[in-house]
Amino acid sequence: MNTIENIINFSKHPVNNNEYINKCNKLIKQNSILVLENFLTDKSLKLILDEAKSLEDKAFYCMQKHTILLNKKSEKLDKNDPLNQLMISDKGCIPHDLINKNSDLNILYNSNIFKNFIKNVLDLKLIFPYVDKLSSINLNYYQKNQQLGWHFDNASFAITLMIQSSPLGGEFEYITEGRDSNKNFIDKNLISDIINNNDHKKQKKLNVNDGTLVLFYGRNYLHRVTPVESKIPRILITLNYNEEDNIQLSENARLTFFGRKS
């Protein structure tokens, strides 16, 4: 079984060093996104990619139509309201319980060194796994023509690991303006321009290399993954923590994303 020292590239990312942690904390406060390239060692990246490929045929694929706030279309809102226009998201997903207990992903996720790094960078007091066995670590597969539609996250933060980027398409795009969830503010004109492809100046693209860790405040940043255009799928890991204990994904969400309740 591997150790955390063999998984994280400590020579580039000394996540147990206070000076480095403070640097990352300042960066994400400034930009609301933190991109740590070559976060994984080459050996660990290969092991995780091999595991992801071995599980690919077990992925549950689903297609959803949702608004940018991840709601269903409402008859109470005008059909042209940017908060009521439907986006399309489709991908395959592997739940946590199919990942080997001795996998580098489980070692990383449960490591106190890694969890302390996440807590301190994001200014969190505590973080907890999901209590259901499906939702803590997920492998996400975007096959040709699959995408993640424009949306804001419900969670306050997201942690992802790029394992295999797509040679064509599958690009992460986002804007840094348009919403302040704490003040219940949304700039509908800007959002409308973005989702209707009328304003490209505000859009930022993030080309993420394999082995990159990304921390992102997606609740206030509209973002998407463009359709994959290659036969090589985009494979992304989400590492999902909660700020409160005893939280589980809803039964309906588990059915939607994993095709089963437990």
Side-chain angles (χ1 to χ4, degrees), residues 4 7-41 44-45 48 70 96 104-130 135-140 142 148 150-165 170-182 203-225 234-244 247:
I4 195 65
I7 296 170
I8 297 174
N9 183 357
F10 277 89
S11 62
K12 189 167 185 177
H13 302 289
V15 296
N16 54 351
N17 178 278
N18 288 333
E19 185 177 345
Y20 181 75
I21 291 171
N22 291 334
K23 176 185 174 182
C24 290
N25 177 261
K26 289 178 181 177
L27 284 172
I28 198 167
K29 283 180 177 177
Q30 290 171 1
N31 306 314
S32 287
I33 189 168
L34 179 66
V35 182
L36 303 179
E37 294 192 355
N38 301 117
F39 185 80
L40 297 176
T41 63
S44 183
L45 174 60
I48 293 172
L70 301 178
H96 190 180
D104 281 15
L105 286 174
N106 271 312
I107 297 169
L108 177 67
Y109 183 88
N110 293 309
S111 164
N112 287 329
I113 291 174
F114 181 68
K115 287 190 290 185
N116 285 332
F117 173 71
I118 295 298
K119 285 189 296 183
N120 289 319
V121 170
L122 299 179
D123 289 325
L124 304 174
K125 291 183 179 180
L126 295 169
I127 54 175
F128 302 92
Y130 279 85
S135 309
S136 293
I137 306 174
N138 296 143
L139 309 185
N140 300 279
Y142 296 85
L148 191 63
W150 285 115
H151 69 287
F152 294 101
D153 290 343
N154 287 326
S156 59
F157 62 90
I159 307 167
T160 64
L161 266 175
M162 177 62 76
I163 299 303
Q164 179 174 272
S165 56
E171 295 179 305
F172 183 79
E173 296 184 341
Y174 65 102
I175 63 171
T176 57
E177 303 171 33
R179 187 186 191 194
D180 187 332
S181 58
N182 292 326
Q203 290 174 223
K204 298 185 178 183
K205 287 189 177 183
L206 182 63
N207 294 315
V208 179
N209 297 319
D210 300 351
T212 298
L213 181 78
V214 176
L215 278 63
F216 182 63
Y217 286 125
R219 181 175 286 173
N220 286 326
Y221 280 16
L222 188 71
H223 56 285
R224 72 168 177 174
V225 174
R234 180 183 195 264
I235 305 177
L236 185 79
I237 313 292
T238 57
L239 304 171
N240 309 306
Y241 298 97
N242 296 284
E243 294 180 63
E244 298 178 11
I247 301 295

For K23, give me all partners under side-chain contact (heavy atoms from CB on, under 4.5 Å), at least two apart in sequence or on another chain. L27
Using the side-chain contact (heavy atoms from CB on, under 4.5 Å) criterion, which residues pair with S181? Sequence neighbours excluded.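 So S181 forms a side-chain contact (heavy atoms from CB on, under 4.5 Å) with R179, R219, N220.
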Among all residues two or more places apart in sequence or in another chain, which pass the ring-ring contact (aromatic ring centres under 6.0 Å, His included) test with Y221?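 ring-ring contact (aromatic ring centres under 6.0 Å, His included) check on Y221 returns F216.
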Under the rule for ring-ring contact (aromatic ring centres under 6.0 Å, His included), what residues qualify as partners of F39, not counting sequence neighbours?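 ring-ring contact (aromatic ring centres under 6.0 Å, His included) list for F39, sorted by chain: H13.
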Under the salt bridge (charged side-chain N to carboxylate O under 4.0 Å, His left out) test, which residues partner [X], sequence neighbours left out?
| X | answer |
| --- | --- |
| K205 | E171, E173 |
| E37 | none |
| K119 | none |

Qualifying salt bridge (Lys or Arg N to Asp or Glu O under 4.0 Å) pairs, either residue in residues 104-118, two or more places apart: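 Matches after skipping sequence neighbours: none remain.
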Side chain to side chain donor-acceptor pair (under 3.5 Å) with [X]: which residues, sequence neighbours excluded?
| X | answer |
| --- | --- |
| Y241 | none |
| E243 | S156 |
| Q164 | none |
| K26 | none |

What's the spacing between L122 CG and I159 CD1 if we round to 0.5 Å? 6.0 Å
